[in-house]
Amino acid sequence: MIRLTLPDGRTGEYSEGITPAELLMQSSARREQYVAAMLDNQIIDLSRPLNRALLEELGSADRVPHLRWLTVQDREALDVLRHSAAHMMARAILRLYPGAKLAFGPATETGFYYDIDVRPAIREEDFPRIEAEMQSLIERAEPFERIELPTAEARALCADLGQTYKVEHIDDQLARYPRVSFYRQGEFLDLCRGPHVPHAGYIRAFKLLSIAGAYWKNDASRPQLQRLYGTAFFRKEDLEAFLQQLEEAKKRDHRILGRQLGIFTLSPMVGSGLVLWLPKGATIRYTLESFIREELLKRGYQPVYTPHIGRLELYRTSGHFPYYRDAQYPPLFLHPLGQTIDTWAEALSQGKLSQDQEKAFLELARSWGLDLHGYNQAGSSSEKLQVLQSWLEEQEAYLVKPMNCPHHIQIYKSELRSYRDLPIRLAEFGTVYRYEQTGELAGMTRVRGFTQDDAHLFVTPEQVEAEMVSNLELVLYVLKSVGLTDYRVRVGLRDPVSTKYVGKEENWNRAQAILLDIVKQLGMPYSAEVGEAAFYGPKIDFVVRDCLGREWQLGTVQLDYNLPERFELEYVGKDNQRHRPIMIHRAPFGSFERFCGILIEHFAGAFPLWLAPEQARVLPVSDKFHDYARQVEARLRGHGFRVTSDLRPQKIGAKIRDAQLEKIPYMLIVGEREQQTEGVALRDRIDGDLGLHPLSAVIERLAREVQEKTIRQVAKSALVFSDRGTRFES
RNA sequence: GCUGCUGUAGCUCAGCUGGUAGAGCACGUCCUUGGUAAGGACGAGGUCAUGGGUUCGAAUCCCAUCAGCAGCUCCA
């Protein structure tokens, strides 16, 4: 017998092997609404026999577990449905493309996917066939049958089926389990943990959405599979609504709004990922810059300016050049062969230099009269590399800067610092360039040239905590000022296994302990993530989602014991001895480009008054009132407002419509009445016509709204993303 | 970088299986002087992303390059 507590709160004894479905029959519920069951926190099939083995497997053996049923209303049930839909897609593909190999096929926040190795490659034009096959399978409403096998047998079965990825998965991940499960439906058998809906007929609405490449086990060095995305719902109208929401979300996309509202543009002639800020966008940025600049002065920062390029040596020392070489624009060598020798050395170091190439390089070097002392005498390629590298290191070369810190470090080093001077906080809106992979570029959110609201703090060990806290508070203040409340905090930690990190372990441990301590102290919900640290230190990132649910890092605060060592930074302590300062890197916005992109989506282009590039527009009813309109405009401009007048020979309705579509916060309509009373008819972007007001009252009203940085509306995300992690994989 | 898709006027898009381009908006000129989301007429605008190829003939088919989109990988 097993004991269970049912949703009504009563605990009862039931015979071993009874299923949730059977228990449901004993109640009076209508069965077809039910999709799966939840045993404590685990979702299981309705047909799963409840027995001791299961309870032990779920870790519920030593208490009386709660059982409840999931209906089509439950979010978790939707995940189950979508996972089942992924199976149906896989089954359909296997029927249409015999020999296709399956990898993983989980539910996602908005649907499902399945990673498949299939030849010839599936194309989007194949979707109708696949969907038709799925539909006909779904109409058969065949049950999903769970089968458990000893792991060795399961492996053999997968091997028999030619499912080599499943075999590899068993070897990698599942070998430690005595038994694993499959789900069978008709001829289709798939290694899968489940759970599934009772039968395929539950899938009443589905659609294949897109196709993409995805590496096996998320590893770029492994084969690339085809990932087919789709979504599924219990009801057709939910699918329709979802597709509608997707369309709505796209309208909020900063790339669309950025064009429509004249905020930014990109030009292939300038280069991809290089943002051109249009006047409206530049005004937003200028306002943000002024805002943060004022905060920095209040908080004891000192402004600095540094050049856009620096000696390569600087970035060799900092480690940025060697670590991020392929994500940078190539170094600029003054010697005409610099780039060539550099390419040569790179090929050599990667073992990719052919004999022909080597010959050609040598020939070139000789014809330019270059004396590569001893290259020909060098026996091994590491000796050859040595020769090339020592030549390269002697060359004058520059790097467009990928980071501001090395420059700021040189400012720190420009004089001998006393502990009395610390903390030193050097701030600069520093523009940096990184050669991001083409596939990563996206509007303003991922670009190749961007300006960070950067600063570097040089502090004593005693000051670390207070400075970290005050910077986190600054980030929170910035986010609050624009009403960005939907963010998550990520504490990026070192991955001890990875080799990408520099510095001593004890420093890392100390830095990480401080960060974790601070976020706990501040009571911020956070997730600590291994492998998310910068190469020189751990960091705290503020991450937001864009209109399509993708995550972007905005503000960041980073603790760094390593660059001070690499650059041998010092200050003189109270004891008259030399000590090493600690650095804090931080950027509350992150970059103006990304922040602005996110803001566009956050406000759906309708910026609050303090940020709006055009805050008010004067709309004369006819050209008889142009003079008065100009007067009103001048008054407002005199009070510091960004204002224009619409003097086109258009009817007032058309002028209003245009101003509305441009999302201008206030329209000031002027005609006979207004001219006589020195007033304006105020029209609000949100509330519409507010009637006649004295101009002075309007100025006061707008001034207050700017002063208080009032946020009257932000965009509601059309797409609903689940925040729970209920996912199943096949 | 990888997989798949896309690229026609400033913008949004139409142009069937190859026969040398079209709409709306925006823009310009003129008319209209209008009171809270589109007044009217006329006009100008495209070597159909770029470069090759196939063909009597290419926006349309093929290849390459560039750029963009979705995803993967990466992100100091």
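Letters A, B, ... mirror the listed sequences (proteins, then strands); counts begin at 1. Values reported hereafter were calculated over all heavy atoms of this structure, with side chains retained and with hydrogens, waters and symmetry mates removed.
- Comparing A/E436 and A/P649, the nucleotide of RNA chain B nearest to each residue sits closer to the 5' end for A/P649.
- Comparing B/U3, B/U73, B/U36 by their closest approach to the side chain of A/Q226 singles out B/U3.
- The partner of B/A59, taking Watson-Crick or G-U wobble pairs whose two distances both stay under 3.5 Å, does not exist in any strand shown.
- A salt bridge links A/R712 with A/D687: the distance from a Lys NZ or Arg NE/NH1/NH2 to an Asp or Glu carboxylate oxygen falls below 4.0 Å.
- A 3.5 Å limit on both hydrogen-bonding distances identifies no Watson-Crick or G-U partner for B/U54.
- Nucleotides B/C25 and B/G43 place their P atoms 15 Å apart, quoted to the nearest Å.
- Rounded to an integer number of Å, the gap from CZ of A/R448 to P of B/G1 is 7 Å.
- Side-chain proximity of A/S272 to B/G68, B/A70, B/U36: nearest is B/G68.
- Taking a centre distance below 5.5 Å and an interplanar angle below 30 degrees as the stacking criterion, A/Y324 stacks against the six-membered base ring of B/A76.
- For the pair A/R316 and A/E313, the salt-bridge criterion is met [side-chain N within less than 4.0 Å of a carboxylate O].
- Residue A/R550 contributes atom CZ, which lies 14 Å from atom P of B/U73 at whole-angstrom precision.
- With hydrogens and angles ignored, a donor-acceptor pair under 3.5 angstrom links the side chain of A/E440 to the base of B/C72.
- Within the nucleic acid shown, A/G671 comes within 4.0 Å of at least one base atom, counting heavy atoms only.
- Nearest nucleotide to the A/R227 side chain, out of B/A67, B/G71, B/C11: B/G71.
- For the side-chain contact (heavy atoms from CB on, under 4.5 Å) criterion with A/L228, the lone passing option out of A/Y114, A/F112, A/F127 is A/F127.
- The phosphate of B/U73 (OP1 or OP2) has no side-chain N or O of A/Y215 nearer than 4.0 angstrom.
- A/H408 places no side-chain N or O within 3.5 Å of a backbone atom of A/R425 that could act as its donor or acceptor partner.
- With salt bridges taken as basic N to acidic carboxylate O contacts below 4.0 Å, none links A/E440 and A/R434.
- Distance A/I211 CD1 to B/A70 C1': 11 Å, rounded to the nearest Å.
- To the nearest 0.5 Å, the span separating CD1 on A/I411 from CD on A/E428 amounts to 7.0 Å.
- Salt-bridge annotation for A/D253 and A/R255: present, with a side-chain N of the basic residue lying under 4.0 Å from a carboxylate O of the acidic one.
- Between B/U3, B/C74, B/G35, one nucleotide has an atom nearer to the side chain of A/Q437 than all others, and that is B/C74.
- Using a 4.0 Å heavy-atom distance criterion, A/A659 is classed as making no nucleic acid contact.
- The base-pairing partner of B/A49, taking Watson-Crick or G-U wobble contacts with both distances under 3.5 Å, is B/U65.
- Rounded to whole Å, atom C1' of B/G34 lies 16 Å from atom CD of A/Q675.
- Judged by distance alone with a 3.5 Å cut-off, a donor-acceptor contact links the side chain of A/R446 to the base of B/C74.
- Counting non-hydrogen atoms under 4.0 angstrom, A/R434 reaches a base of the nucleic acid.
- Side-chain N/O atoms of A/T438 include one lying less than 4.0 angstrom from OP1 or OP2 on B/G1.
- Side-chain rings of A/Y412 and A/F567 stay apart, their centers remaining 6.0 Å or farther from each other.
- Taking side-chain N and O atoms only, A/N218 has no distance below 4.0 Å to OP1 or OP2 of B/C72.
- B/G35: glycosidic angle beyond 90° from 0, hence anti.
- B/C72 is paired with B/G1 under the criterion used here, namely a Watson-Crick or G-U wobble arrangement in which both key atom distances are under 3.5 Å.
- Distance from the side chain of A/I656 is smallest for B/U36 among the nucleotides B/A76, B/U36, B/G71.
- Listed candidates were B/A38, B/U12, B/A70. Nearest to the side chain of A/R255 is B/A70.
- Residue A/R123 has a polar side-chain atom (N or O) positioned under 4.0 Å from OP1 or OP2 of B/C5.
- Taking the ring centre of A/Y97 as origin, the terminal cationic atom of A/R119 falls outside the region bounded by 6.0 Å and 45° from the ring axis.
- The side chain of A/K663 contributes no N or O atom lying less than 4.0 Å from OP1 or OP2 of B/A37.
- Regarding A/M444, its CE atom lies at a distance of 15 Å from the P atom of B/G68, rounded to whole Å.
- In this structure, A/L441 atom CG and B/G71 atom P are separated by 14 Å, rounded to whole Å.
- The base of B/G35 sits within donor-acceptor range of the side chain of A/E674, with an N or O pair under 3.5 Å.
- Regarding A/L228, its CG atom lies at a distance of 13 Å from the C1' atom of B/A70, rounded to whole Å.
- For the ring pair (Phe, Tyr, Trp, His ring centres under 6.0 Å) with A/F535, the qualifying choice from A/Y501, A/F321, A/Y323 is A/Y323, the only one to do so.
- Using Watson-Crick or G-U wobble geometry with both donor-acceptor distances under 3.5 Å, B/U33 finds no partner in any strand shown.
- Not one N or O on the side chain of A/K280 forms a donor-acceptor pair closer than 3.5 Å with the backbone of A/E614.
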Quick one: which protein N/O atoms are closer than 3.5 Å to N/O atoms of nucleotides 6-8 of chain B? Pair and distance per line, please.
none

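- Along RNA chain B, the nucleotide nearest A/Q558 and the nucleotide nearest A/A214 are compared for position; the residue whose nucleotide lies closer to the 5' end is A/A214.
- Taking the six-membered ring for Trp, A/W508 and A/Y561 have ring centres at least 6.0 Å apart.
- Between the P atom of B/U36 and the CZ atom of A/R657 lies a distance of 16 Å, rounded to the nearest Å.
- Listed in residue order, the members of residues 532-540 of chain A having a heavy atom less than 4.0 Å from RNA chain B are A/A534, A/Y536, A/K539.
- Across every strand in view, B/C27 sits in a pair with B/G43 that passes the Watson-Crick or G-U test at under 3.5 angstrom.
- Rounded to whole Å, the separation between the P atoms of B/A9 and B/U50 comes to 10 Å.
- When each of A/F429, A/W277, A/F450 is checked for a ring pair (Phe, Tyr, Trp, His ring centres under 6.0 Å) with A/F592, only A/F429 meets the rule.
- Spacing between B/A37 and B/U20 at atom C1', rounded to whole Å, works out to 42 Å.
- Listed nucleotides B/U36, B/G34, B/A76 differ in distance to A/D689; the shortest reach to its side chain belongs to B/U36.
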side-chain hydrogen bond (donor to acceptor under 3.5 Å, both in side chains) between A/H585 and A/D560, intermediate numbers included:
CA-CA 7 Å; A/H585 309 234; A/D560 175 12; 2.8 Å; yes
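- Of the candidate nucleotides B/U73, B/G39, B/A76, B/U73 has the atom lying nearest to any side-chain atom of A/A220.
- In terms of phosphate contacts, A/Q650 brings a side-chain nitrogen or oxygen within less than 4.0 Å of OP1 or OP2 of B/G39.
- For B/G35, neither phosphate oxygen OP1 nor OP2 lies less than 4.0 angstrom from any side-chain nitrogen or oxygen of A/K655.
- Residue A/A327 is classed as a base contact, given a heavy-atom separation below 4.0 Å to a base.
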